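In what follows, residues are counted from 1 in the order of the sequence shown. We use all heavy atoms of the structure for the numbers below, so side chains are in, but hydrogens, waters and symmetry mates are not. These figures come from a predicted structure and were not determined experimentally.
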Amino acid sequence: MPDFLDEMTSCIPALRRYANALTHDRDTADDLVQDCLERAIRKKALWRPQGPLRPWLYRVLVNIYRNNLRGRNRRPLQIPIDDVAEQLFVPAAQTGRIALAEMARAIENLSGEHREALLLVVIEGLSYAEAAKVLEIPLGTLMSRLGRARTALARMTQEDQPNLKVIK
């Protein structure tokens, strides 16, 4: 068990990063990681040590995230106005931050399937095979989702760019 817990502990920063990218809310991401770790410890007997623990933990996290989404879609989210009042007044952003925010919005506009695949491969650095295993989909399906996600991102981020004429 100590080896399992040590390896699980080393995965926490990556799990937090991925959960934060999925939820865009630190508290929700922390809750998601905590639920993931709790479930992983509780279901340790289901893990087969044939490879690294990290992809299995990602799969647990993704499953909890999807279950939470389904539950949230059944009941509307209610947020007190006092909780978001500070966010209504946003200072002017710099150019780099604008581009980053534009990309973040574009990623948010992707379907859940495309966003999950893109974040695992691009942000978390998983191989295609590991990401396909985490999402429990065939490798070809993952590659197709990545291609469509990248195409959609390019289209969404280039629509706002002015048409440039190429001078030959």
Side-chain angles (χ1 to χ4, degrees), residues 1-75 77-80 83-84 86-87 93 96-97 99-150 152-153:
M1 183 83 162
D3 291 336
F4 178 81
L5 293 177
D6 290 340
E7 191 174 349
M8 187 170 64
T9 301
S10 70
C11 295
I12 291 175
L15 290 171
R16 288 187 76 206
R17 217 176 22 250
Y18 186 55
N20 203 18
L22 287 173
T23 63
H24 296 287
D25 178 59
R26 262 199 189 146
D27 293 334
T28 305
D30 287 341
D31 290 345
L32 183 59
V33 171
Q34 182 176 343
D35 291 345
C36 171
L37 296 175
E38 184 270 329
R39 186 171 294 172
I41 291 170
R42 195 167 22 99
K43 304 281 186 174
K44 179 189 178 290
L46 298 176
W47 179 63
R48 303 289 179 242
Q50 298 168 350
L53 180 64
R54 188 171 137 182
W56 184 71
L57 290 173
Y58 277 127
R59 187 173 336 137
V60 171
L61 187 127
V62 165
N63 287 338
I64 293 171
Y65 172 71
R66 288 176 179 170
N67 288 342
N68 291 347
L69 272 182
R70 280 192 290 269
R72 205 175 319 134
N73 288 339
R74 289 187 194 121
R75 58 189 181 293
L77 180 64
Q78 296 180 351
I79 301 173
D83 291 353
V84 294
E86 295 174 4
Q87 296 173 0
R97 291 187 66 184
L100 212 56
E102 179 184 336
M103 183 57 72
R105 277 191 305 273
I107 289 172
E108 274 306 301
N109 287 330
L110 293 174
S111 71
E113 293 172 338
H114 292 139
R115 186 174 56 250
E116 289 170 359
L118 187 74
L119 291 172
L120 280 176
V121 172
V122 175
I123 303 297
E124 294 304 324
L126 291 182
S127 69
Y128 287 1
E130 289 173 326
K133 192 171 186 179
V134 167
L135 296 174
E136 297 177 318
I137 58 175
L139 183 60
T141 302
L142 175 81
M143 292 171 69
S144 175
R145 286 182 186 174
L146 286 171
R148 285 182 290 193
R150 288 175 175 145
L153 282 177

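- R17 and N20 share no donor-acceptor pair across their side chains, judged by distance under 3.5 Å alone.
- With contacts defined as side-chain heavy-atom distances shorter than 4.5 Å, the pair R59/V62 does not qualify.
- Remark: R66 engages E116 in a salt bridge, criterion side-chain N to carboxylate O under 4.0 Å.
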For side-chain contact (heavy atoms from CB on, under 4.5 Å), just list the numbers for I41 and M8, CA-CA rounded to whole Å, side-chain angles, deciding distance to a tenth of an Å, and then say yes or no.
CA-CA 9 Å; I41 291 170; M8 187 170 64; 3.3 Å; yes
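- Considering every non-hydrogen atom in both A117 and R145, the closest pair reads CB-CB, 4.3 Å.
- Summarising the geometry of A40 relative to F4, their closest heavy-atom pair is O-CZ, 3.8 Å, with the distance given to 0.1 Å.
- If you take CG on L139 and OG on S144, they are separated by 11.0 Å, rounding to the nearest 0.5 Å.
- Other residues, nucleotides and ligands contribute only 12 or fewer heavy atoms inside 6.0 Å of the CD atom of E113.
- Note that OH of Y18 is 8.5 Å distant from OH of Y65, once rounded to the nearest 0.5 Å.
- Within the 4.5 Å cutoff, no side-chain heavy atoms of I107 are placed close to those of H114.
- For the pair E7 (side chain) and L53 (backbone), a donor-acceptor distance under 3.5 Å is present.
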Applying side-chain contact (heavy atoms from CB on, under 4.5 Å) to L57 and R54, what does each step give before you reach the verdict?
CA-CA 5 Å; L57 290 173; R54 188 171 137 182; 5.7 Å; no
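- In this structure, the separation between CD1 on I64 and CG on L37 is 8.5 Å, given to the nearest 0.5 Å.
- A donor-acceptor pair under 3.5 Å links the side-chain atoms of R115 to the main chain of E108, judged by distance alone.
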Can you give me every donor-acceptor pair (side chain of residues 26-34, partner residue at least two apart or in another chain, under 3.5 Å) with its distance?
{"unit_1": "T28", "atom_1": "OG1", "unit_2": "D25", "atom_2": "OD2", "d": "2.4"}
{"unit_1": "D30", "atom_1": "OD1", "unit_2": "R16", "atom_2": "NE", "d": "3.0"}
{"unit_1": "D30", "atom_1": "OD1", "unit_2": "R16", "atom_2": "NH2", "d": "2.9"}

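- Between the CG atom in L118 and the CD1 atom in I123 there is a gap of 7.0 Å [rounded to 0.5 Å].
- Considering only heavy atoms from C-beta on, L119 stays 4.5 Å or farther from E124 through its side chain.
- Side-chain contact between L22 and L61 is present, with heavy atoms from C-beta onward closer than 4.5 Å.
- Between the T23 side chain and the A19 main chain, a donor and an acceptor come within less than 3.5 Å of each other.
- One distance of note links CG of L142 with OH of Y128; it measures 7.5 Å at 0.5 Å rounding.
- Note that CZ of R150 and CG of L110 are 11.5 Å apart. Values are rounded to the nearest 0.5 Å.
- Smallest separation of non-hydrogen atoms from C36 and L15: SG-CD1, 4.4 Å.
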